Amino acid sequence: MNTEIGIKLEKAIDFLNEGALVAIPTETVYGLAGNAFSKESILQIFEVKNRPHFDPLIVHTHSIDGLLPLVTHIPEKAKLLLKAFAPGPLTLLLPKSDLISDLVTAGSPLVAVRIPGHALTLELLKNLAFPLAAPSANPFGYISPTTAEHVKAQLGGKIPYILDGGNAMVGVESTIVGFEGEETVIYRMGGTPIEAIIELIGPVRFQTSSSNPQAPGQLKSHYAPKKPFLVGDIKELIQNYAPHEIAVLSFNSFFDSIPQSQQIQLAPDGKLSSAAFNLFDAMRKLDGLSVKCILSEFVPNIGLGAAINDRLLRASVKS
Ligand code: TXA
Ligand code: MG
């Protein structure tokens, strides 16, 4: 199959209406999208992504009006979050309505729903008669794509169309939030900072690390490059290797002992938003070098930094 990259909304609409899959831009990462109401499209998503069927999919819609029919209840705290952060890098786990099949939720009574903050994709969603189920557009377990070219490099030949919406501006996946009784539960740290959520709706409980295969985004090893990826004190790590053997991914320091082509600073300006924006592209670039391993360090653990550190840690764990 020939995979075209383009900006034509009509093409994306036609393919999706026919039941085919289209990669779509969002503000977090690119998604591999199909008709959330079509069993065949859902099955194709799992197949193309090589994703186990027990890993449920996020359903994307254009507005709160689009979301209402997909769920049976929206808790007050969820309403506040939607009002503050949607469209945006936020996914809510809510009780699913009968419109959502067990295939999408992997048998869970809860559906993950999100209104993405990307103008082109919102326009696409408004022109479809169904919401879009979309996991990140990468093979299961590998680094998420933040450009159309990233998607083509990994899924080229398997899908007909990649809707090009430029660089994903946030760069890490959405924050996943659920509700258990009165409790707010964070299942994945992401583009909406936890501090902002707590400020709005009070304390949260974290359930972000798990060996429970019900939620593979929580798996310890995920978002992983192919090369060994070590996180820690870079200066100490560097001493164990010859300079030609390593690539270095730093927050914003440069190392004179390492060739320039083998190091990337995530945030030359020191901003966490820059680090998030650059993270997955930098991991990919370094993964493509002929070095033995990639050495990295944690970024300041506040705001977006918590989501970045989560990805660095999971990239460093070998399954
Ligand atoms: O930013 C994002 O959320 C991106 C863009 C494309 O929207 N999507 C994304 O999807 O990251 P994916 O499939 O790569 O990660 C979704 C995570 C998975 O860890 C999955 O297990 C969890 O959400 N998830 C989805 N539906 C769920 C459900 N019903 N219950 C619990 N976890 C769920
Ligand atoms: Mg993913």
Side-chain angles (χ1 to χ4, degrees), residues 26 28 31-43 45-46 51-117 121-122 125-126 128-136 173-192 194 196-198 200-210 212-219:
T26 85
T28 58
L32 174 64
N35 178 350
F37 294 159
S38 154
K39 189 179 170 202
E40 289 71 29
S41 298
I42 306 292
L43 287 173
I45 293 177
F46 284 104
R51 180 172 175 127
H53 283 236
F54 58 69
D55 191 359
L57 305 176
I58 297 177
V59 176
H60 298 67
T61 182
H62 50 77
S63 63
I64 300 202
D65 280 347
L67 188 155
L68 288 174
L70 312 177
V71 302
T72 56
H73 173 67
I74 306 183
E76 280 313 311
K77 285 178 181 168
K79 286 182 188 158
L80 290 172
L81 290 176
L82 284 169
K83 203 168 162 209
F85 303 120
L90 175 75
T91 294
L92 299 179
L93 289 181
L94 299 173
K96 77 174 190 73
S97 74
D98 290 341
L99 284 176
I100 301 293
S101 76
D102 284 341
L103 210 52
V104 171
T105 68
S108 166
L110 302 177
V111 61
V113 281
R114 147 165 157 76
I115 304 172
T121 288
L122 285 175
L125 286 161
K126 281 180 197 152
L128 295 169
F130 44 80
L132 291 174
S136 51
E173 297 86 345
S174 59
T175 304
I176 304 183
V177 185
F179 308 90
E180 286 178 22
E182 288 306 298
E183 250 184 347
T184 306
V185 186
I186 305 294
Y187 291 93
R188 178 174 71 185
M189 285 184 280
T192 300
I194 301 303
I197 292 174
I198 293 175
L200 189 69
I201 59 169
V204 299
R205 177 164 66 81
F206 289 91
Q207 201 174 310
T208 52
S209 185
S210 169
N212 168 12
Q214 292 292 328
Q218 302 170 300
L219 282 178

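Owing to the predicted nature of the structure, the values given are computational and were not obtained by experimental measurement.
One distance of note links CG of Leu128 with CG of Asn35; it measures 8.0 Å at 0.5 Å rounding. For the atom pair CZ (Arg188) and CD1 (Ile58), the distance works out to 5.0 Å, reported to the nearest 0.5 Å. For the atom pair NE2 of His60 and OG1 of Thr26, the computed distance is 6.0 Å after rounding to the nearest 0.5 Å. The structure places CG of Leu57 at 8.0 Å from CG of Leu103, a figure rounded to the nearest 0.5 Å. Between the CZ atom in Arg114 and the CG atom in Leu93 there is a gap of 13.5 Å [rounded to 0.5 Å]. Within the model, atoms CD of Gln207 and CD of Glu180 stand 6.0 Å from one another, a figure rounded to the nearest 0.5 Å.
Contacts of Glu182 classified as salt bridge (Lys or Arg N to Asp or Glu O under 4.0 Å), with partners at least two apart in sequence or in another chain: none. Remark: Ser63 engages Asp65 in a side-chain contact (heavy atoms from CB on, under 4.5 Å) (not counting sequence neighbours). Every salt bridge (Lys or Arg N to Asp or Glu O under 4.0 Å) that Lys96 has, sequence neighbours left out, goes to Asp102. Judged as a side-chain contact (heavy atoms from CB on, under 4.5 Å), and not counting sequence neighbours, the contacts of Ala86 are Leu82, Ile115. Residues satisfying the side chain to side chain donor-acceptor pair (under 3.5 Å) test with Thr105, not counting sequence neighbours, are none. The ring-ring contact (aromatic ring centres under 6.0 Å, His included) test applied to Phe46 returns His53, not counting sequence neighbours. Under the rule for a side chain to side chain donor-acceptor pair (under 3.5 Å), the partners of Thr91 that lie at least two apart in sequence or sit in another chain are Ser174. Not counting sequence neighbours, the partners of Ala33 by the side-chain contact (heavy atoms from CB on, under 4.5 Å) test are Ile24, Leu132, Ala134. The side-chain contact (heavy atoms from CB on, under 4.5 Å) check on Ile198 picks up Ile194, Val204, with sequence neighbours excluded. For Thr72, there are no side chain to side chain donor-acceptor pair (under 3.5 Å) partners two or more places apart in sequence or in a different chain.
Between Pro131 and Leu70, the closest heavy-atom pair is CG-CD2, 3.9 Å.
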Please step through side-chain contact (heavy atoms from CB on, under 4.5 Å) for the pair Leu81 and Ile201, ending with a clear verdict. CA-CA 8 Å; Leu81 290 176; Ile201 59 169; 3.8 Å; yes
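For the pair Leu110 and Pro95, the minimum side-chain heavy-atom distance is below 4.5 Å. With a 4.5 Å cut-off on side-chain heavy atoms, Phe37 and Ser101 do not count as touching. Side-chain contact between Ile74 and Phe179: absent, with no pair of heavy atoms (C-beta onward) separated by less than 4.5 Å. Inter-residue side-chain proximity for Pro116 and Leu125 is flagged as met; some heavy-atom pair is nearer than 4.5 Å. Residues Phe85 and Leu200 form a side-chain contact, since some pair of their non-hydrogen atoms from C-beta on lies under 4.5 Å apart. Contact of the Leu94 side chain with the Leu67 side chain is registered, since non-hydrogen atoms from C-beta on lie closer than 4.5 Å.
Residue pairs meeting the salt bridge (charged side-chain N to carboxylate O under 4.0 Å, His left out) criterion with at least one partner in residues 77-91, sequence neighbours excluded, are Glu76-Lys79.
Between the side chain of Thr28 and the backbone N or O of Glu173, no donor-acceptor pair lies under 3.5 Å.
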